[in-house]
Amino acid sequence: MSHATTDPFYICGPTASGKSAMALEIAAQLAGEIVNADAFQLYQGLEIVSAAPSPEERAQAPHHLYGVLDPSVAADAGSYLRLVRPVMEAIQARGKTPVVTGGSGLYLKFLTHGPAPLPTGDATLRAELDAIPLEELVARLRALDPVEAERTALQNRRFVSRALEICLLSGQKASDLRDRWQSQTAQLATQLRGCIIQRTRPDLHARIANRTRAMLDGGAIAEVAALTNASANCEKAIGVREIRALLAGEIARATCENLINAATRQYAKRQESWFRREHWLQPVPR
RNA sequence: GGGUAGAUGCCCGAGUGGCUAAAGGGGGCAGACUGUAAAUCUGCUAGCGAAAGCUUACGUUGGUUCGAAUCCAUCUCUACCCA
């Protein structure tokens with residue numbers, strides 16, 4: 001399989017696996033420019049807590065889409081797509097290779113496989129659905145789209161709610177819309193190139209612990225304290241919620257550190273599960 | 001030295017004679033997941049076994065009992081109180 005020189009190269013892997021460093025290596029090899037594919041590194045004012053590349057790293061190659069969103073803005077995979085595509089096109093137009101680096105599986109999937117033709121989430125409708133008991137949401141979904149209800153994890157309120165949202169907003173069955181999209185994306189992966197960084201669990205866990213310590217020692221607490229206008233979404237970022245509790249005096253610093261470590265380990269595990277299914281990614285043991 | 005409370009699985013913790021391989025939570029492991037995704041959700045978690053089942057487990061040692069994490073005694077350790 002041959003690639004045009006400017007075809008994007010994807011660097012994936014769990015958090016703290018060393019994606020940023022690898023991106024610099026690949027960017028140097030491919031005459032590339034680094035593009036963020038991390039949901040939280042997108043935000044301004046979350047650089048430390050989201051482990052965005054340091055100013056030193058950024059000085060070594062062009063970096064795009066780091067710290068570009070105000071924390072009050074609620075992003076999603078679709079809005080990310082609208083943000084990245086022009087950036088990548090501009091890089092390619094310059095004859096350079098986009099080196100897309102990040103750990104947000106869903107965002108990357110949108111980028112590599114495109115968005116399904118589904119309606120964008122609607123805040124007002126979501127607020128309404130949030131007020132309804134899960135059992136009733138399930139009943140409504142079963143009535144509107146029994147096929148989708150059958151496929152959905154019905155204990156997962158978010159999934160039920162979104163399926164219902166799709167039906168209500170589109171006036172069509174979520175299952176039909178999804179089927180149509182599914183059948184169109186089957187071949188896309190064969191044209192992609194990228195790698196996934198693999199590390200042993202003990203190694204990864206040690207790296208996470210070191211990074212958390214460095215974050216807390218390196219300004220993360222002040223960063224979160226200064227974060228006054230964050231969207232509900234940003235408040236849920238790992239590190240932010242724990243440091244909020246620390247600032248409120250609810251937990252001790254050591255507890256805060258332990259909680260961040262545990263949440264990060266669990267997140268890393270979920271990322272590994274996600275990327276394991278992306279067979280086109282070439283494993284790179286480190 | 002005296003008194004009181006306590007010691008449970010990787011951790012915290014419930015259990016006070018059989019329904020207990022031991023609730024619940026955490027952690028860990030595995031998984032799902034196309035517009036909240038660093039989110040949300042699911043399963044498993046003493047050992048061996050496909051299973052039936054067997055073995056080892058509630059600080060120590062001994063005892064009571066058909067049967068003990070649960071009752072009694074002993075010792076060890078921990079916390080607090082009195083000297």
Side-chain angles (χ1 to χ4, degrees), chain A residues 13-16 19 36-43 46-52 71 73-84 102-123 125-127 129-130 134 137-138 148 151-163 165-166 169-170 174-175 177-185 188 200-202 204-205 208 211-212 215 220 224 230-243 255 258-278:
Chain A
T15 187
K19 293 187 291 296
N36 175 33
D38 190 292
F40 284 84
Q41 291 178 8
L42 242 29
Y43 288 104
L46 282 178
E47 286 86 354
I48 299 171
V49 106
S50 69
V73 174
D76 61 39
S79 62
Y80 169 70
L81 206 49
R82 289 188 285 280
L83 226 45
V84 229
S104 296
L106 182 66
Y107 284 23
L108 281 156
K109 189 85 181 190
F110 264 63
L111 190 44
T112 56
H113 291 71
L118 303 175
T120 300
D122 180 273
L125 178 56
R126 282 182 182 182
L129 295 178
D130 281 350
L134 178 60
L137 293 181
V138 169
E148 185 68 9
R151 294 172 186 173
T152 304
L154 297 174
Q155 311 92 320
N156 193 334
R157 184 180 183 94
R158 259 205 205 160
F159 287 8
V160 174
S161 180
R162 161 100 271 238
E165 179 183 62
I166 292 170
L169 255 31
S170 70
S175 54
L177 294 171
R178 283 188 162 145
D179 283 346
R180 226 172 295 155
W181 172 75
Q182 246 0 305
S183 62
Q184 290 166 4
T185 59
L188 288 172
T200 63
R201 279 291 161 83
L204 190 62
H205 288 183
I208 287 170
R211 194 183 67 182
T212 302
M215 257 178 208
V224 172
S231 65
N233 215 333
C234 287
E235 287 295 339
K236 276 183 300 196
I238 296 172
V240 173
R241 57 198 184 203
E242 291 84 358
I243 291 173
T255 307
N258 289 339
L259 289 174
I260 292 174
N261 281 148
T264 308
R265 273 182 252 127
Q266 290 162 354
Y267 171 49
K269 157 65 190 70
R270 274 179 265 131
Q271 290 176 298
E272 290 190 331
S273 287
W274 182 290
F275 290 127
R276 244 170 241 166
R277 300 202 304 174
E278 300 296 322

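Below, read A as the first sequence line, B as the second, and so on, with proteins coming before strands; counting in each chain starts at 1. A quick note: this is a predicted structure, and the numbers were derived from the prediction, not measured.
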Earlier contact from the 5' end, RNA chain B, for A:G121 and A:Y267: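 Residue closer to the 5' terminus by nearest nucleotide: A:G121.
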Closest-nucleotide ordering on RNA chain B, the 5'-leading residue of A:F110 and A:Q271: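 Upstream on the strand: A:F110.
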Can you measure [X] atom [atom1] to [N] atom [atom2] for me and round it to whole angstrom units?
X: A:F159; N: B:rG31; atom1: CZ; atom2: P; result: 16 Å
X: A:L177; N: B:rG35; atom1: CG; atom2: P; result: 11 Å
X: A:E235; N: B:rA37; atom1: CD; atom2: C1'; result: 17 Å
X: A:L154; N: B:rU40; atom1: CG; atom2: C1'; result: 14 Å
X: A:L111; N: B:rG35; atom1: CG; atom2: P; result: 16 Å
X: A:D130; N: B:rU40; atom1: CG; atom2: P; result: 12 Å

Return the minimal non-hydrogen interatomic distance between [X] and [Y], and the atom names on each side.
X: A:L204; Y: A:T15; answer: CD1-O, 3.5 Å
X: A:R162; Y: A:T120; answer: NH2-C, 4.0 Å
X: A:E242; Y: A:A263; answer: OE2-CB, 3.9 Å

Partner residues of A:A75 under the side chain to side chain contact (heavy atoms under 4.5 Å, CB included) criterion, sequence neighbours left out: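 Counting only residues at least two positions away or on another chain, A:A75 forms a side chain to side chain contact (heavy atoms under 4.5 Å, CB included) with A:Y43, A:L69, A:S79, A:Y107.
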Counterpart residues, side chain to side chain contact (heavy atoms under 4.5 Å, CB included), relative to A:A237 (two or more places apart):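 Checked A:A237 against side chain to side chain contact (heavy atoms under 4.5 Å, CB included); matches are A:F40, A:V240.
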Using a 4.0 Å heavy-atom cut-off, does [X] contact any base of the nucleic acid, only the sugar-phosphate backbone, or nothing at all?
X: A:I166; result: sugar-phosphate
X: A:A39; result: sugar-phosphate
X: A:V160; result: nothing
X: A:A75; result: sugar-phosphate
X: A:R241; result: sugar-phosphate
X: A:T120; result: base
X: A:G239; result: nothing
X: A:Y107; result: sugar-phosphate
X: A:S50; result: base

Side-chain donor-acceptor contact under 3.5 Å, A:R211 with A:T264: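 Judged by distance alone, the side chains do not pair up.
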I want to check one thing: is the phosphate of [N], taken as OP1 and OP2, less than 4.0 Å away from some side-chain N or O of [X]?
X: A:R211; N: B:rA38; value: no
X: A:N233; N: B:rA37; value: yes
X: A:R270; N: B:rG31; value: no
X: A:S104; N: B:rA38; value: yes

Salt-bridge present (A:E272, A:K269; N to O < 4.0 Å):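 The answer is no: the pair does not qualify as a salt bridge.
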Minimum side-chain heavy-atom gap A:S175-A:R151 below 4.5 Å: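 They are in contact (side-chain heavy atoms under 4.5 Å apart), so the answer is yes.
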Per-nucleotide pairing state of RNA chain B [Watson-Crick or G-U, under 3.5 Å; [ ] pseudoknot-crossing; | other strand]: ((((((((.[[[..)..(.....]]]((((((.......))))))(((....)))...[.[[[..)....]]].]))))))).
Partner residues of A:R241 under the side-chain hydrogen bond (donor to acceptor under 3.5 Å, both in side chains) criterion, sequence neighbours left out: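 If we apply the side-chain hydrogen bond (donor to acceptor under 3.5 Å, both in side chains) test to A:R241, skipping adjacent residues, there are no hits.
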Pairs satisfying salt bridge (charged side-chain N to carboxylate O under 4.0 Å, His left out), at least one member in residues 108-122 of chain A, at least two apart: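 Applying salt bridge (charged side-chain N to carboxylate O under 4.0 Å, His left out) to every pair that reaches into residues 108-122 of chain A, excluding sequence neighbours, yields A:K109-A:E278.
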Inter-residue atom distance A:I208.CD1 - A:I238.CD1, 0.5 Å rounding: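 Rounded to the nearest 0.5 Å, the CD1-CD1 separation comes to 8.5 Å.
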Protein and nucleotides 27-30 of chain B: nitrogen or oxygen contacts under 3.5 angstrom:
{"unit_1": "B:rG27", "atom_1": "OP1", "unit_2": "A:Q266", "atom_2": "NE2", "d": "3.0"}
{"unit_1": "B:rG27", "atom_1": "O3'", "unit_2": "A:R265", "atom_2": "NH1", "d": "3.1"}
{"unit_1": "B:rG28", "atom_1": "OP1", "unit_2": "A:R265", "atom_2": "NH1", "d": "2.3"}
{"unit_1": "B:rG28", "atom_1": "OP2", "unit_2": "A:Q266", "atom_2": "NE2", "d": "2.9"}
{"unit_1": "B:rC29", "atom_1": "OP1", "unit_2": "A:R201", "atom_2": "NH1", "d": "2.8"}
{"unit_1": "B:rA30", "atom_1": "OP2", "unit_2": "A:R201", "atom_2": "NH1", "d": "2.8"}
{"unit_1": "B:rA30", "atom_1": "OP2", "unit_2": "A:R201", "atom_2": "NH2", "d": "3.0"}

Donor-acceptor pair under 3.5 Å, A:N156 side chain vs B:rA32 base: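 Not at all, since no donor on one side and acceptor on the other fall under 3.5 Å apart.
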Syn/anti state of B:rG31 by chi, 90° boundary around 0: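 Anti, angle beyond 90° from zero.
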